[in-house]
Number of protein chains: 2
Amino acid sequence: MDNTMRKPPRNRRKMQSVTMSDVAELANVSPSTVSLFLRKPEAVSAAASQAISRAIDKLNYVPNLMAGGLAAASSRAVSILVPSVRNAFFAETVSSMQTALKKQRLQLILGHTEYDEQEEEELVRMALSWAPAAIVLTGLSHSAATRRLLANVAIPVIEIWELGGPQIDAAIGFHHDQVGIAAAEHLIRQDRRNLLFLGARMHQDRRARQRCNGFLQAAKATGAAAKVVEHPDTASAEIGAMLLAEALRLHPEADGIACSNDHIALGVLFACERQKIAVPDRLAVIGFGDLSFSAACNPPLTTIRPSGDLIGREAARLIEEHLHGEKADAHRTIDTRFTLQHRRSS
Amino acid sequence: MDNTMRKPPRNRRKMQSVTMSDVAELANVSPSTVSLFLRKPEAVSAAASQAISRAIDKLNYVPNLMAGGLAAASSRAVSILVPSVRNAFFAETVSSMQTALKKQRLQLILGHTEYDEQEEEELVRMALSWAPAAIVLTGLSHSAATRRLLANVAIPVIEIWELGGPQIDAAIGFHHDQVGIAAAEHLIRQDRRNLLFLGARMHQDRRARQRCNGFLQAAKATGAAAKVVEHPDTASAEIGAMLLAEALRLHPEADGIACSNDHIALGVLFACERQKIAVPDRLAVIGFGDLSFSAACNPPLTTIRPSGDLIGREAARLIEEHLHGEKADAHRTIDTRFTLQHRRSS
DNA sequence: TCTGTCAATAATAGCGCTACGATTTATTTG
DNA sequence: CAAATAAATCGTAGCGCTATTATTGACAGA
């Protein structure tokens with residue numbers, strides 16, 4: 001009996017053109033050494049380093065992060081979930097974070113929750129499938145299942161753009177009620193006593209709601225009158241103009257207006273101009289966001305500038321620290337604060 | 001000699017809490033069946049499906065996409081590289097694309113090139129490390145190395161937001177020179193003969209440059225005068241106002257102005273208002289972008305509306321088709337066009 | 001000369017999953 | 001009712017890499 005009877009070459013896999021072994025072979029070292037070189041170059045001799053570098057260049061080797069991640073049980077990806085990147089605030093944070101993370105060769109996986117906790121939950125599940133190095137969520141409010149999913153992960157879970165509630169792990173942001181308070185106090189300092197808050201999409205945007213509540217509270221505390229007029233759609237200048245019209249119809253006595261953000265405020269300014277309502281003499285206006293047009297409009301808009309950029313950078317820093325082993329105390333809270341930009345609209 | 005001498009349990013790996021085998025065991029099927037169920041549920045019997053579903057829920061199983069991607073030699077990630085997501089145009093595309101891709105359980109890996117081809121190259125390299133299902137780039141201009149890296153990949157390479165040059169694979173967008181032409185022709189139709197183009201960051205923003213060139217060309221073709229005034233920084237209303245001042249100083253005879261985008265145009269409107277320059281009587285203004293404030297400002301801004309949203313959706317569609325095996329002819333070009341929004345500023 | 005120590009490198013054993021062929025079971029049909 | 005066909009399920013062999021341990025070689029001290 002022929003015991004050399006060979007099985008036919010059974011199955012065949014797809015593959016990557018150039019692998020680490022190819023590099024190793026060309027550089028005349030073992031694959032282990034190539035791997036070591038890629039992860040800790042300082043542990044490899046100068047001669048070997050050079051040979052490997054040369055081989056990588058020559059072969060145009062691109063490491064397979066999935067293989068690496070699988071073997072190391074963690075990937076070079078960071079998942080970030082924001083309501084929407086169309087919103088300039090979150091765009092800013094995402095952008096600054098991506099820039100900071102690139103230096104550590106970490107990549108951003110982006111998801112949009114559209115202010116929907118169910119959506120967020122699904123995205124968290126998908127995100128975890130990548131065994132990310134960290135996961136970043138917007139706000140402190142999440143579904144029970146989301147909390148459960150994240151309760152026991154070994155990676156940093158960072159909640160951004162909101163402070164002041166129970167947090168899963170770390171939180172980076174500021175207190176939105178304080179923003180509202182600051183706006184109200186500012187208007188009152190300008191001798192306004194009939195205050196108004198114009199808000200968009202507040203049924204979904206928890207943080208806008210918090211600003212509104214802080215505003216009302218502070219107004220009440222000083223005995224000023226304060227009303228709210230809102231609109232369910234996403235903030236825009238158009239909605240802002242509409243809200244102003246509605247507001248003046250309902251509350252013609254108003255002399256100080258805070259807006260849930262600068263888009264609304266811009267619309268208010270546009271409407272005031274059309275209707276020859278003097279700003280700030282007849283009506284003081286304050287916004288939130290300090291968007292790109294806010295310093296340039298007529299009159300320049302007083303507004304509260306959040307720290308979207310800083311939030312992203314701090315999140316990246318936290319992730320970096322964790323990666324470098326500095327376990328850091330969990331449940332860290334970083335208050336990035338906000339600043340009042342006093343301009344001529346108030 | 002004791003041939004039962006056992007080696008000590010050699011090494012130990014980290015691991016994921018719940019794996020597919022755990023699910024299989026609980027559901028009383030083989031891991032293969034679980035895998036099959038996850039990928040092609042219709043190929044598994046109702047009984048098994050139910051048992052597996054139950055087990056997944058019970059164990060809270062989260063598949064490991066890296067293992068899956070490694071085995072399948074391709075991942076559920078799509079890489080998208082844009083200049084910056086702070087730019088509302090790209091934010092729109094990224095957002096609509098993410099929404100469309102989520103339905104197919106594909107995830108977006110985001111990178112910012114900051115208008116730098118070197119940066120882009122590095123990001124492409126990083127992106128390829130994930131064996132993405134597709135890769136999306138902005139524009140048609142890339143470094144030689146980038147082209148080389150992408151020349152032979154088996155996945156769709158989609159270039160967005162620009163048409164009219166040699167493309168790597170598919171391209172989705174529109175012709176920016178046509179935008180410039182449309183703007184010039186519009187102003188000329190409004191009886192303007194002394195035209196001006198105000199541009200920001202044109203040394204980096206190739207597409208803004210193309211719009212400018214189209215504008216100049218069309219003006220020249222009809223015998224109208226056309227000048228350019230530009231500023232190196234990112235577009236903003238502030239820069240727009242500065243550009244207008246500079247422009248009127250250099251070209252006081254101007255009666256029609258096109259802006260590289262609506263931020264600039266908004267700044268122009270602000271400045272005109274401050275200087276009591278009548279728009280459109282003295283000066284007609286047209287922008288590009290149709291941003292959120294453009295319909296609401298004073299006067300409402302005539303502008304050209306691109307199709308950022310559609311670009312994202314079409315890109316997602318292309319990727320989906322490829323995933324479902326419809327090989328589609330390569331080098332596809334999809335012109336998403338643009339529309340002129342004629343409002344009162346012109 | 002013989003250890004002992006250290007630095008550099010290599011061999012080994014998977015990480016969790018998918019693709020493929022093989023096998024089993026159910027269903028049909030001559 | 002056996003044979004042929006179809007449907008459902010399973011077993012196997014990696015995907016390309018990392019982490020750990022094992023090995024090698026150089027050099028020091030005694």
Side-chain angles (χ1 to χ4, degrees), chain A residues 6-25 27-52 56 59 61-76 128-131 133 154 325, chain B residues 7-25 27-52 56 59 61-76 128-131 133 154:
Chain A
R6 69 208 68 222
K7 301 173 175 158
R10 205 155 136 316
N11 50 6
R12 176 56 51 96
R13 290 282 150 275
K14 290 149 187 180
M15 60 169 187
Q16 174 164 324
S17 45
V18 179
T19 71
M20 195 177 264
S21 300
D22 299 327
V23 174
E25 196 171 343
N28 251 303
V29 295
S30 76
S32 304
T33 305
V34 177
S35 172
L36 189 62
F37 169 76
L38 255 23
R39 286 172 297 117
K40 297 185 183 151
E42 73 280 5
V44 174
S45 71
S49 293
Q50 205 172 32
I52 294 170
I56 288 176
L59 296 176
Y61 169 66
V62 176
N64 183 326
L65 284 183
M66 293 194 296
L70 182 60
S74 116
S75 75
R76 306 290 299 173
L128 289 178
S129 299
W130 286 103
Chain B
K7 299 173 176 159
R10 202 154 140 318
N11 50 7
R12 175 59 49 98
R13 292 280 150 277
K14 291 151 186 182
M15 59 170 188
Q16 174 164 323
S17 44
V18 180
T19 73
M20 195 177 265
S21 301
D22 298 327
V23 173
E25 196 170 344
N28 252 302
V29 296
S30 76
S32 303
T33 306
V34 177
S35 173
L36 188 62
F37 170 75
L38 256 23
R39 287 172 297 116
K40 297 184 184 151
E42 73 280 5
V44 174
S45 71
S49 292
Q50 204 171 34
I52 294 170
I56 287 175
L59 297 177
Y61 169 65
V62 176
N64 184 325
L65 284 183
M66 293 194 296
L70 181 60
S74 115
S75 75
R76 305 292 298 175
L128 290 178
S129 300
W130 286 103

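Convention: sequence-line order gives letters A, B, ...; per-chain numbering from 1. The model shown is predicted, which means the values in this text are computed figures rather than measured ones.
- Distance CG (A/Leu65) to P (D/dC15): 18 Å, rounded to an integer number of Å.
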Contacts under 3.5 angstrom, residues 43-51 of chain A side chains, donor-acceptor by atom type, not counting sequence neighbours:
unit_1: A/Ser45; atom_1: OG; unit_2: A/Ala48; atom_2: N; d: 3.3
unit_1: A/Ser49; atom_1: OG; unit_2: A/Ser45; atom_2: O; d: 2.9

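- When each of B/Asn28 and B/Ala67 is assigned the nucleotide of DNA chain D bearing its nearest heavy atom, the one mapping closer to the 5' terminus is B/Asn28.
- Per the geometry, CG belonging to A/Asp22 stands 14 Å off C1' belonging to D/dC15, to the nearest Å.
- Not counting sequence neighbours, the partners of A/Leu65 by the side chain to side chain contact (heavy atoms under 4.5 Å, CB included) test are A/Arg76, A/Gln107, B/Ser129, B/Trp130.
- The side chain of A/Ser30 approaches C/dA11 more closely than any other nucleotide in the set D/dC10, C/dA11, D/dG16.
- Taking the side chain to side chain contact (heavy atoms under 4.5 Å, CB included) definition, one finds that A/Ser74 meets it with nothing, sequence neighbours left out.
- Phosphate contact (OP1/OP2 of C/dC17, side-chain N/O of B/Tyr61, threshold under 4.0 Å): present.
- Rounded to whole Å, the distance from CE on A/Met66 to P on C/dG14 is 23 Å.
- Picking from D/dT18, C/dG16, D/dC10 the nucleotide with the shortest atom distance to the side chain of A/Ala71 gives D/dT18.
- The side chain to side chain donor-acceptor pair (under 3.5 Å) search around A/Thr33 returns A/Ser30, not counting sequence neighbours.
- Two end axes, each from the C1' atoms of five base pairs, can be drawn for the helix from C/dT1-D/dA30 to C/dG30-D/dC1; they diverge by 50°, to 10 degrees.
- The separation between B/Arg76 atom CZ and C/dT18 atom P is 11 Å, rounded to whole Å.
- The separation between B/Asn64 atom CG and D/dC15 atom P is 18 Å, rounded to whole Å.
- Contacts between residues 32-47 of chain B and DNA chain D, defined by a heavy-atom separation under 4.0 Å, are made by B/Ser32, B/Thr33, B/Leu36, B/Val44, B/Ser45.
- Straight-line distance from the CG atom of B/Leu70 to the C1' atom of C/dA19: 13 Å, rounded to whole Å.
- With sequence neighbours excluded, the residues that form a side chain to side chain contact (heavy atoms under 4.5 Å, CB included) with B/Ser35 are B/Met20, B/Arg39.
- In terms of heavy-atom proximity, A/Ala131 sits nearest to B/Met66 at CB-CE, 3.7 Å.
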Provide a list of protein-nucleic acid N or O atom pairs under 3.5 angstrom, restricted to nucleotides 25-27 of chain C.
none

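- Taking atom CH2 of B/Trp130 as the reference point, atom P of D/dG16 lies 16 Å away to the nearest angstrom.
- Between the CE atom of B/Met20 and the P atom of C/dG16 there is a distance of 12 Å, given to the nearest Å.
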